[in-house]
Amino acid sequence: MRTEHILIIRFSALGDVAMTVPVVSSLARQYPDLRITVLSRSFMRPLFEGIAPNVGFMGADFTKDYHGIKGLNALFRRLAAKNFTAVADFHDVLRSRYLRMRFSAARYRVEHIDKNRRGRRELTRKNDKRLVQQKSSFEKYADVLERLGYPVRLDFASVFPPEGGPLGEIAGAVGEKKEGQKWIGIAPFAAHEGKVYPKEKTLEAVKLLLKSHPAARIFLFGGGVKELKVMKEWAALLPDCSVVPHMVQGFRHELILMSHLDVMLSMDSANMHLASLVATPVVSVWGATHTLAGFKGWNQPESSIVQVEMPCRPCSIFGNAPCLRGDYACLNSITPEQIAGRVEEFLK
């Protein structure tokens, strides 16, 4: 009898790939005899390592090995050799559509995500917005699996055991967590301006938290050149702040550190999703985007969300549209005291 083997495709972005983890984990545990292979960009591998014995990972580099149509054909041949019995396209972009077309032509069972673009347009249009809660990405991914014959109950907890990731792996770089000491993560960046709380106000919120918790440690998360410059300036100003990329190397080690935080303060960004995957409470700040679009982190309660309701919100699904007012009031009207207060609720 042929073993059932499903291919799940999701190439980017990091936050969206992270949102597949609760779904893939639930699928793997509820169908232990089903082989699962996740196809994504190579650096995403740590998200899926150790998820379950029946989950594998394939990395794809579209700048080298699989560039252009020729590269996609080579990738398809490699995938076809794996003898999949079903294909789930969680992305629905040109690359995944091309692979989907090849699989469909070869008579594979194929399904893809419904992004409900109409609902998104109605949510973000300038006038007469329809403020209707869209399905979450978790639900949309699960719908694809159900259409393939694998209904799943989303019951994911964390990529690590309840006690968190193995802190011993990074203790030499990070140090031990002292009893009663608060560890606070700060991820003040995002890909687009419409999702970034003003940096000077974030710094004020950090100072307020350190005033209330002078023994606390602040861990700054980010990775770009400009981001590192800002974090180094903050660390020089506040000795209790540590720049995470300067302390630990690799995706896995950052996840381990996140799992031992008491709380993470993040924008609507990948770090919000990553912290959610390790069961760390996340206080997330939303500006041009909105939780109604369905991108809230896994198991995030409404009490963890900081946002100001305005007639123009949301103006964008991804935060990449220019501000209609020109002043990003959706972010600037939030005070550092409000943010520090919300973080404080979780530290209690």
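In this chain, residues are counted from 1 in sequence order. A quick note: this is a predicted structure, and the numbers were derived from the prediction, not measured.
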Student: Do the side chains of Lys229 and Glu233 get close enough for a salt bridge, i.e. N-O under 4.0 angstrom?
Tutor: yes
Student: Give, for atom CG of Leu292 and atom CD of Gln134, the distance between the pair rounded to the nearest 0.5 Å.
Tutor: 8.0 Å
Student: Do any N or O atoms from the side chain of Thr291 and from the backbone of Lys296 form a donor-acceptor pair under 3.5 angstrom?
Tutor: no
Student: Kindly determine whether Thr63 and Asp61 satisfy side-chain hydrogen bond (donor to acceptor under 3.5 Å, both in side chains), including the steps that lead there.
Tutor: CA-CA 6 Å; Thr63 62; Asp61 186 343; 2.6 Å; yes
Student: Would Met272 and Phe318 show up in the same hydrophobic cluster when neighbours are defined by side-chain heavy atoms closer than 4.5 Å?
Tutor: yes
Student: In the single-linkage hydrophobic clustering (I, L, V, M, F, W, Y; side-chain heavy atoms under 4.5 Å), do Val38 and Tyr150 co-cluster?
Tutor: yes
Student: Is the cationic atom of Arg95 (NZ for Lys, CZ for Arg) positioned less than 6.0 Å from the six-membered ring centroid of Phe62 and within 45 degrees of its normal?
Tutor: yes
Student: Tell me if the CD atom of Glu111 is crowded by more than 12 foreign heavy atoms within 6.0 Å.
Tutor: yes
Student: Side chain of Asn299, backbone of Ala157: donor and acceptor closer than 3.5 Å?
Tutor: no
Student: By the ring pair (Phe, Tyr, Trp, His ring centres under 6.0 Å) test, which pairs, at least two apart or in different chains, include something from residues 106-143?
Tutor: Phe90-Tyr141, Phe103-Tyr108, Phe138-Trp298
Student: Should the heavy atoms of other residues, nucleotides or ligands under 6.0 Å from NE2 of His67 be counted, would the total exceed 12?
Tutor: no
Student: Give, for atom CH2 of Trp286 and atom SG of Cys330, the distance between the pair rounded to the nearest 0.5 Å.
Tutor: 12.5 Å
Student: With a 4.0 Å cut-off, would you call Lys135 and Asp143 a salt bridge?
Tutor: yes
Student: Near Arg130 CZ, under 6.0 Å, is it more than 12 heavy atoms from other residues, nucleotides or ligands?
Tutor: no
Student: If you group Ile, Leu, Val, Met, Phe, Trp and Tyr by side-chain heavy-atom gaps below 4.5 Å, do Trp183 and Met264 land in one group?
Tutor: yes
Student: Walk me through it: do Asn73 and Tyr98 pass the test side-chain hydrogen bond (donor to acceptor under 3.5 Å, both in side chains)?
Tutor: CA-CA 9 Å; Asn73 285 331; Tyr98 184 80; 2.6 Å; yes
Student: State, to 0.1 Å, how close Pro245 and Gly222 come at their nearest heavy-atom pair, and which atoms those are.
Tutor: CG-O, 2.9 Å
Student: Do Ile9 and Val152 share a hydrophobic cluster, counting only Ile, Leu, Val, Met, Phe, Trp and Tyr and linking them when any side-chain heavy atoms are less than 4.5 Å apart?
Tutor: no
Student: Does His213 form a side-chain hydrogen bond (donor to acceptor under 3.5 Å, both in side chains) with Glu344? I'd like the steps, not just the answer.
Tutor: CA-CA 10 Å; His213 303 275; Glu344 192 68 51; 2.7 Å; yes
Student: Does Lys207 come within less than 4.0 Å of Glu204, counting only side-chain N to carboxylate O?
Tutor: yes
Student: Hey, can you tell me if Phe57 and Phe48 have their rings parallel, tilted or perpendicular (30° and 60° cut-offs)?
Tutor: parallel
Student: Would you check if the side chain of Gln30 reaches a backbone N or O of Leu27 as a donor-acceptor pair within less than 3.5 Å?
Tutor: no
Student: Stepwise, does the side-chain hydrogen bond (donor to acceptor under 3.5 Å, both in side chains) test hold for Gln300 with Ser284?
Tutor: CA-CA 9 Å; Gln300 268 196 42; Ser284 55; 3.1 Å; yes
Student: Test of understanding: clusters of I, L, V, M, F, W, Y form through side-chain heavy atoms closer than 4.5 Å, transitively. Do Val308 and Leu324 belong to the same one?
Tutor: no
Student: Let's go through Arg118 and Glu122 carefully: what are the C-alpha distance in whole Å and the side-chain angles of both, what is the deciding distance for salt bridge (Lys or Arg N to Asp or Glu O under 4.0 Å) to 0.1 Å, and is it a yes or a no?
Tutor: CA-CA 6 Å; Arg118 179 179 177 180; Glu122 292 175 343; 3.3 Å; yes
Student: Arg125: which residues meet the salt bridge (charged side-chain N to carboxylate O under 4.0 Å, His left out) condition with it, sequence neighbours left out?
Tutor: none
Student: Decide yes or no on salt bridge (Lys or Arg N to Asp or Glu O under 4.0 Å) for Glu49 and Arg252, but give the supporting numbers first.
Tutor: CA-CA 9 Å; Glu49 286 180 331; Arg252 171 177 166 79; over 6 Å; no
Student: Just to verify, what does Arg100 make a salt bridge (charged side-chain N to carboxylate O under 4.0 Å, His left out) with, not counting sequence neighbours?
Tutor: Asp89, Asp92
